[in-house]
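No experiment lies behind these values; they were computed from the predicted model shown.
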Amino acid sequence: MGELTENVTDTPAEAEVNVEVARCGNCGVALLGTYCSDCGQEDRAVRRPFWRILRQLFHAVFELDGRVYRSLYFLYTRPGFLSTEYLNGRRARYTPPLRMFLVLSISFFLIVSIAGTFGSIFLDEADLNAALAAGETDAEALQQSNQPIRDLIAGETEDEDLAELDLSAQDVRAFLEQLEFPFLPAATGQQLQEFIVDQATDNYAEMREYPLGFFRDFIGESLEYVTIFILLMMPLLALVQWALFIFKGRYYVEHFILTLHNHSYLIVSTYLLALTGVVASQIPVLAGFVEWVDFVIVMWAWIYLYLSLKFFYGTGYIYSGLAYVVASAIYGSLIISGLTVFLVIAFLLY
């Protein structure tokens, strides 16, 4: 009882006036706001309808309040501004950089995956209906719709380089059977080799027979891991920026914050380009105007990334330009190399 009395503290005004005061459920200190000034616990009711819990979770994840719109506006219009604000301690009014990137990237790839699935379904149905109207059977129509890509994969082309792609499933199996995994125990390495050989051979055979369906499904499955791939690549860009601006004496995390914001900006730009593509396809009369809009979006992306380095690091135009070119070349090479490895692994394990 004595311990409880020690934890409960009253202000002089409370001692004189007997009023009901809200207290922290954790430590008993009188509450002066939503959060306890002593232990920091939020004054939130747990016993409430389930739909309110879901609404609160939805708002916590997507932050559907004023700051998400404010953050997106400054993200797109003021290069390097959000990173500077975040590092200077002005964070409550903006969406945190990591959450912004994850929400934008996951929602983008989810929309692309869904749109691609429905679009390919409608496209396949249109091709089949057109072929059926010409008197072909379902099987003949399916074969006909895949024939152009099948010819390309089979090397039936005048291009000598593409003609070298004419490999059979047996050739692929024979090549992959040479794989060895010396860093694994012999039994584990053998099982992994057999799994990869079977998966890759089946995938290659399906790709040759029905390339449209295979690539649609393969890209759709791979998109689920692109966000993880980009997350793994961003620390490398932050490291490149750290090396180029090492004389600024900034911590590595500061470079990473800028990298998060710049990638979020690129996702928003990709959103806009996808939207203009939909407008151009649905309203052909606006195709010419949409081309100019796309040009502006792409040009602003190049300028934006350059200005983000200049404003964030406070360097001159010439050094910022040189650093921008070097960082873009190095990061572009890393992205291409990493994406190639990523797609090869995905193909072997898909």
* Is Ile303 reachable from Leu322 through a run of I, L, V, M, F, W or Y residues, each pair having side-chain heavy atoms under 4.5 Å apart? -> no
* Is any side-chain heavy atom of Arg250 less than 4.5 Å from a side-chain heavy atom of Phe312? -> yes
* Point-to-point distance, once rounded to the nearest 0.5 Å, from CG of Leu258 to CG of Leu82 -> 10.5 Å
* Go through the steps for Trp300 and Tyr265 under the test side chain to side chain contact (heavy atoms under 4.5 Å, CB included), then give the verdict. => CA-CA 11 Å; Trp300 174 235; Tyr265 161 80; 3.2 Å; yes
* **Which atom of Thr315 lies closest to which atom of Ser320, heavy atoms considered** => OG1-OG, 2.5 Å
* To do: Carefully, step by step, assess Val279 and Phe289 under the rule side chain to side chain contact (heavy atoms under 4.5 Å, CB included).
  => CA-CA 10 Å; Val279 172; Phe289 173 74; over 6 Å; no
* To do: First locate atom CG of Asn262, then atom OG of Ser308, and finally report the distance between them rounded to the nearest 0.5 Å.
  => 4.0 Å
* **Flag side-chain contact, heavy atom, 4.5 Å: Ile230 against Met234** => yes
* Asked: Heavy-atom distance under 4.5 Å between the side chains of Leu309 and Leu305, does that happen here?
  -> no
* Asked: Does one hydrophobic cluster hold both Leu334 and Tyr324, with members joined at side-chain heavy-atom distances below 4.5 Å?
  -> yes
* Hey, what do you get for CD1 (Ile257) to OG1 (Thr84), rounding to the nearest 0.5 Å? -> 11.5 Å
* **Side-chain heavy atoms of Arg91 within contact of Pro96, under 4.5 Å** => no
* Asked: To the nearest 0.5 Å, how far apart are CD1 in Ile267 and CG in Leu104?
  -> 5.5 Å
* To do: Evaluate the ring planes of Tyr252 and Phe256, with Trp represented by its six-membered ring, and classify them as parallel (under 30°), tilted (30 to 60°) or perpendicular (over 60°).
  => parallel
* Which pair of heavy atoms, one from Cys39 and one from Asn26, lies closest together, and at what distance? -> SG-ND2, 3.4 Å
* List the atom of Arg93, the atom of Glu85, and the distance in Å for their closest heavy-atom pair. => NH1-OE1, 4.2 Å
* To do: Please confirm whether the backbone N or O of Tyr317 pairs with a side-chain atom of Lys310, one donor and one acceptor, at under 3.5 Å?
  => no
* Asked: Which heavy atom of Val290 sits nearest a heavy atom of Ala280, and at what distance?
  -> CG1-CB, 3.9 Å
* Steps toward side chain to side chain contact (heavy atoms under 4.5 Å, CB included) verdict (Tyr86, Tyr94) -> CA-CA 8 Å; Tyr86 184 86; Tyr94 307 113; over 6 Å; no
* Asked: Parallel under 30°, tilted from 30 to 60°, perpendicular over 60°: which one fits the rings of Tyr319 and Phe245?
  -> perpendicular
* Asked: Is the shortest heavy-atom distance from the side chain of Tyr313 to the side chain of His255 under 4.5 Å?
  -> yes
* **Full working for ring-ring contact (aromatic ring centres under 6.0 Å, His included) between Tyr331 and His263** => CA-CA 12 Å; Tyr331 189 57; His263 278 75; 5.7 Å; yes
* Are more than 12 heavy atoms from other residues, nucleotides or ligands located less than 6.0 Å from atom CH2 of Trp242? -> no
* Taking every non-hydrogen atom, the tightest pair across Thr95 and Val68 -> OG1-CA, 3.6 Å
* Asked: To the nearest 0.5 Å, how far apart are CG in Leu266 and CG in Leu273?
  -> 10.5 Å
* Using atom types as modelled and distance alone, determine if a side-chain donor or acceptor of Thr201 lies under 3.5 Å from a backbone N or O of Asp198. => no
* Asked: Counting only heavy atoms not in Phe247, do more than 12 sit closer than 6.0 Å to its CZ atom?
  -> yes
* Examine Leu272 and Val296 and state if one hydrophobic cluster contains both, with Ile, Leu, Val, Met, Phe, Trp and Tyr joined whenever side-chain heavy atoms are less than 4.5 Å apart. => no
* Asked: Should side-chain heavy atoms under 4.5 Å link Ile, Leu, Val, Met, Phe, Trp and Tyr, which residues sit in the same cluster as Tyr35?
  -> none
* Structure fact -> Heavy atoms of Ala323 and Leu244 approach each other most closely as O-CD1, 3.5 Å
* To do: Report yes if the distance between the aromatic ring centroids of Phe311 and Phe81 is under 6.0 Å, otherwise no.
  => no
* Asked: Are Ile330 and Trp302 connected, step by step, through hydrophobic side chains (Ile, Leu, Val, Met, Phe, Trp, Tyr) whose heavy atoms are closer than 4.5 Å?
  -> yes
* If you measure only the distance, is there a donor-acceptor pair under 3.5 Å linking the side chains of Ser107 and Tyr271? -> yes
* Could you please spell out the steps behind the side chain to side chain contact (heavy atoms under 4.5 Å, CB included) verdict for Thr259 and Gln241? => CA-CA 9 Å; Thr259 302; Gln241 292 175 172; 3.3 Å; yes
* To do: Can you run down the side chain to side chain donor-acceptor pair (under 3.5 Å) pairs that involve residues 73-83, sequence neighbours left out, and say none if there aren't any?
  => Ser83-His261
* **Glu291 side-chain N/O to Gly288 backbone N/O, donor-acceptor pair under 3.5 Å** => no
* Answer with yes or no whether the hydrophobic clustering places Leu236 together with Leu98; edges join I, L, V, M, F, W, Y residues whose side-chain heavy atoms lie under 4.5 Å apart. => yes
